[in-house]
Amino acid sequence: MAAAVGKTTKDDEEKGDKTWAWKSKTEKAKKMQLLKDIEQLEQKITSMDREKSTNLYNKRSDFRKEFCGLEELEIKYNTERKAEKVKLKQQINKLRGNVRKFQRELKDIKPTPEFVEKLKEIMEDIEAAVNAFKERQKEIYEQLIKEELTVSQEITSLEKRFESWSQVPPIALDGKTTSRSKAKPLSSARSVLADMPPEVASFERFLQQTGGHRGGWDEYDHQTFLKFRNRHKGKSSFMSVAHMNLPGRSLDDVKDHENWYQEYLTLLEKKKIAIQKWRTKKEHEKEELVYKAEEDEVAMVTEDVEKERKKAEKAEMERQERLEKLNAWKVQKELERVKEEERKMQDELKRAREKEKERKRQIALKAQVQEFAHRKREEEDQQKIEELIFKEMMNDEKKQQSAAEIARFRERDMRRLEEKMAKEKAKEQAERVKQKKLERLKGQVVVQAPRDPTRLYKLTEGWKERQKDTSHGSAGPSLHIPHRAVPSWRSGL
């Protein structure tokens, strides 16, 4: 039964390991794809920032003043984004620290209710922190989605407005339309003006009919006219002064231009008021669109929340099942560990008993060895005493024998010395007789040989005998070489 349970547990562990490996591989692939997408988006953002800095925020650009506010707003948003990034990193690091603490606790599992309660508390804290982090991020993302929807609607509205403006025909500086504008029918311009507020259409129509923002005058004359008019604060006395400083312009032209300019200011003020009303109306429409979009978004969010709730309930059920399996596995592992520790303890006790038994045996053996060594030392001491006595006796006996041998050796040496002295004396006597004989013979023979150095180079008598003719002798080569007898069984081979 226990073997079957162990085998089932082992199979479950193998299946769980395979499932975990597959999930890890899938999550790793998703993570790699996400990192790749993030890298591509970062490259696009870098390219767009470079293009934006070159075209919009360049100091040499003509629209530098118009985009200063946008640049400040961007700097503000970048600062907020960096602060949010740092905050997110801190929260993630805090969650990671809690998870690592939980992992460290799992390394030293104790089968006690307090330890299980502690692990449960840590797990609940981690789960609550993760859920709170997800909720905060979800709210932030929902707000960003709403803002993105609003911005996209505003951009669409502005694009339509730009398209309507692009359909207005161009106007020449001298108050006359170009040949291209004349060729186009007036219905298109009227349709464009019809989309605008009446005051704006009246102002644009007035400009088209009267020659633009300067009433058909050139820049210099119009600016001179405005200078004297502003100097006299709009009084009628300025017209004579302006007439004197505008060569080529009559007093009636100045009066007509003054009437045109008053009508221009009136229509311009009406246009500003109409534009302000139009903006208020658009803001109201935009708020309605935003409210409608928020309602749609709330419905979508409610649906998503319901889906997320069901998904969370399912995930919670799966988590509880996994937790129960994990607890069962931990209990099984703890039982196995307890059994293993009990077996190890029994083995340790068995080894301790054997070690104690061996120690006692060693002590008894050591006592026997010590007793044997003591007896052996006593025997050796007794033997040494006996050997010492025996050596003393032998030494005395050797001393007596040595004295006798010494006397005999001395007598023998004296006899040999006397014999040697007698032999030397006889040898000296024979040597003297021999010397006397030699002296007597030398006195009888006289040798006289002349000095002849050439005889050193002459042939000796023996060499001369060798050079004599020996052809008639038997010194020739021998033709018969004696051999050993050949056996009868080899004869004829």
Side-chain angles (χ1 to χ4, degrees), residues 12-46 76-148 301 304-305 307-334 337:
D12 293 339
E13 290 178 1
E14 290 179 356
K15 291 180 181 178
D17 293 340
K18 291 181 180 178
T19 307
W20 176 255
W22 178 77
K23 288 183 178 179
S24 301
K25 189 176 181 181
T26 307
E27 291 177 357
K28 188 175 181 181
K30 290 181 180 179
K31 187 176 180 181
M32 294 295 291
Q33 184 65 29
L34 179 61
L35 293 175
K36 191 174 181 180
D37 295 340
I38 291 173
E39 186 177 359
Q40 291 178 358
L41 290 175
E42 287 180 351
Q43 292 177 359
K44 289 182 180 179
I45 291 171
T46 304
K76 178 183 175 182
Y77 287 158
N78 286 334
T79 305
E80 292 178 356
R81 181 168 56 83
K82 290 179 181 178
E84 184 68 20
K85 186 177 180 180
V86 172
K87 187 177 179 181
L88 286 176
K89 283 186 177 180
Q90 291 176 355
Q91 293 177 356
I92 291 171
N93 289 331
K94 186 177 179 181
L95 292 174
R96 187 183 291 115
N98 293 334
V99 173
R100 288 178 179 173
K101 181 180 177 182
F102 181 70
Q103 290 176 351
R104 286 195 298 269
E105 292 292 338
L106 287 178
K107 289 181 180 178
D108 188 13
I109 299 175
K110 299 177 181 178
T112 58
E114 293 80 6
F115 184 76
V116 175
E117 189 67 25
K118 183 179 179 182
L119 289 180
K120 185 177 180 181
E121 184 178 354
I122 294 173
M123 289 173 63
E124 289 177 353
D125 292 340
I126 294 172
E127 187 176 2
V130 171
N131 291 332
F133 179 75
K134 287 183 178 179
E135 287 296 329
R136 286 195 297 270
Q137 294 304 312
K138 184 179 179 181
E139 292 176 359
I140 293 171
Y141 291 151
E142 289 176 356
Q143 185 66 27
L144 290 175
I145 289 171
K146 292 179 182 179
E147 293 179 359
E148 183 182 5
V301 168
D304 292 340
V305 167
K307 291 180 179 178
E308 288 292 332
R309 186 181 64 79
K310 292 181 180 179
K311 187 177 180 181
E313 289 178 356
K314 186 178 178 181
E316 181 66 20
M317 292 177 63
E318 292 178 354
R319 190 181 70 82
Q320 290 294 336
E321 291 178 0
R322 289 197 300 270
L323 188 61
E324 290 176 0
K325 290 181 180 179
L326 179 63
N327 291 331
W329 177 78
K330 287 181 179 178
V331 170
Q332 183 67 24
K333 287 292 183 181
E334 186 64 24
R337 189 177 67 82

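No experiment lies behind these values; they were computed from the predicted model shown. Heads up: numbering here begins at 1 and tracks the sequence.
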Go through the structure and list residues passing side chain to side chain donor-acceptor pair (under 3.5 Å) with [X], not counting sequence neighbours.
X: Arg136; result: none
X: Arg104; result: none
X: Arg96; result: Asn93
X: Gln33; result: Asp37

Checklist entry - Any chance CD of Glu148 has more than 12 other-residue heavy atoms, nucleotides or ligands included, within less than 6.0 Å? => result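 No, not enclosed.
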What residues form a salt bridge (charged side-chain N to carboxylate O under 4.0 Å, His left out) with [X], not counting sequence neighbours?
X: Glu147; answer: none
X: Glu139; answer: none
X: Lys31; answer: none

Checklist entry - Does any non-hydrogen side-chain atom of Lys307 lie less than 4.5 Å from one of Lys310? => result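 Side-chain contact under 4.5 Å: no.
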Checklist entry - Do Lys330 and Leu326 come within less than 4.5 Å of each other through their side chains, counting heavy atoms only? => result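 In short, these two side chains touch, coming nearer than 4.5 Å.
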With sequence neighbours excluded, tell me which residues meet side-chain contact (heavy atoms from CB on, under 4.5 Å) with [X].
X: Glu80; answer: Lys76, Tyr77
X: Glu318; answer: Lys314, Arg322
X: Glu324; answer: none
X: Thr26; answer: Trp22, Lys30

As an exercise, state the distance from [atom1] of [X] to [atom2] of [Y], rounded to the nearest 0.5 Å.
X: Asn78; Y: Arg81; atom1: CG; atom2: CZ; result: 5.0 Å
X: Gln320; Y: Asn327; atom1: CD; atom2: CG; result: 9.5 Å
X: Leu34; Y: Glu27; atom1: CG; atom2: CD; result: 12.5 Å

Checklist entry - Salt bridge or not for Glu84 and Lys87, using N-O below 4.0 Å? => result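 No, no charged N to carboxylate O under 4.0 Å.
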Please tabulate, for side-chain N and O atoms in residues 116-134, each donor-acceptor pair with protein atoms closer than 3.5 Å (sequence neighbours left out).
unit_1	atom_1	unit_2	atom_2	d
Lys118	NZ	Glu105	OE2	3.4
Asn131	ND2	Glu127	O	3.1

